[in-house]
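Worth knowing before you read on, the calculation uses all heavy atoms, side chains too, and leaves out hydrogens, waters and symmetry mates. Here, residue 1 is the first one in the sequence, and each next residue gets the next number.
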Amino acid sequence: QADEVCFIFRLARQQRTVSFALKIAETRVIYDVTGDYPVLLLDDVLSELDDSRKQRLLELGGEVQIIMTSANPIISPKGKIFGVKNGVIA
């Protein structure tokens with residue numbers, strides 16, 4: 001049973017990785033068609049990614065406007081980071 005759980009976890013992680021890769025590819029297609037990058041809305045995506053994919057996503061900030069939520073602090077050299085405490089944006 002433990003092997004089955006590990007397989008399902010790996011499979012789910014791979015599915016999220018593929019889904020994320022498709023989103024990135026979509027931004028390029030939209031840019032090629034319109035000449036503008038879209039705004040990406042991402043909900044807690046960093047908790048699902050390994051460190052190299054997290055870094056790649058954060059590097060996109062120079063090309064693509066990203067609005068993202070995270071349960072964990074985000075460290076990014078680009079962009080603004082807002083926090084919410086007790087329902088107030090800080």
Side-chain angles (χ1 to χ4, degrees):
Q1 236 185 27
D3 289 340
E4 291 175 16
V5 170
C6 288
F7 175 75
I8 291 169
F9 175 76
R10 283 192 300 255
L11 182 59
R13 183 176 216 144
Q14 288 171 345
Q15 289 172 345
R16 287 187 293 268
T17 299
V18 168
S19 176
F20 175 67
L22 287 172
K23 283 290 172 206
I24 299 306
E26 286 174 357
T27 65
R28 306 292 181 189
V29 170
I30 291 170
Y31 177 79
D32 288 345
V33 171
T34 67
D36 294 315
Y37 283 106
V39 175
L40 286 180
L41 304 174
L42 305 173
D43 183 31
D44 200 28
V45 70
L46 294 181
S47 64
E48 306 295 336
L49 301 175
D50 61 31
D51 289 341
S52 65
R53 288 180 178 85
K54 286 179 189 178
Q55 186 61 35
R56 175 72 181 113
L57 173 61
L58 294 174
E59 287 172 358
L60 280 176
E63 302 170 347
V64 179
Q65 184 175 355
I66 302 171
I67 298 172
M68 129 181 18
T69 66
S70 177
N72 301 313
I74 299 172
I75 298 172
S76 174
K78 300 176 182 179
K80 288 187 173 184
I81 298 174
F82 297 94
V84 177
K85 186 172 182 176
N86 298 324
V88 178
I89 299 173

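- Judged purely by distance below 3.5 Å, without hydrogens or angles, the side chains of D44 and T69 never pair a donor atom with an acceptor atom.
- The CG atom of D36 sits 12.5 Å away from atom OG1 of T27, with the distance rounded to the nearest 0.5 Å.
- Each of L41 and I30 belongs to its own hydrophobic cluster when Ile, Leu, Val, Met, Phe, Trp and Tyr are linked at side-chain heavy-atom distances under 4.5 angstrom.
- Under a hydrophobic clustering in which Ile, Leu, Val, Met, Phe, Trp and Tyr are joined whenever their side-chain heavy atoms come within less than 4.5 Å, directly or via other members, V84 and V88 fall into different clusters.
- Contact annotation: the side chain of L42 never approaches that of I67 to less than 4.5 Å [non-hydrogen atoms, C-beta and beyond].
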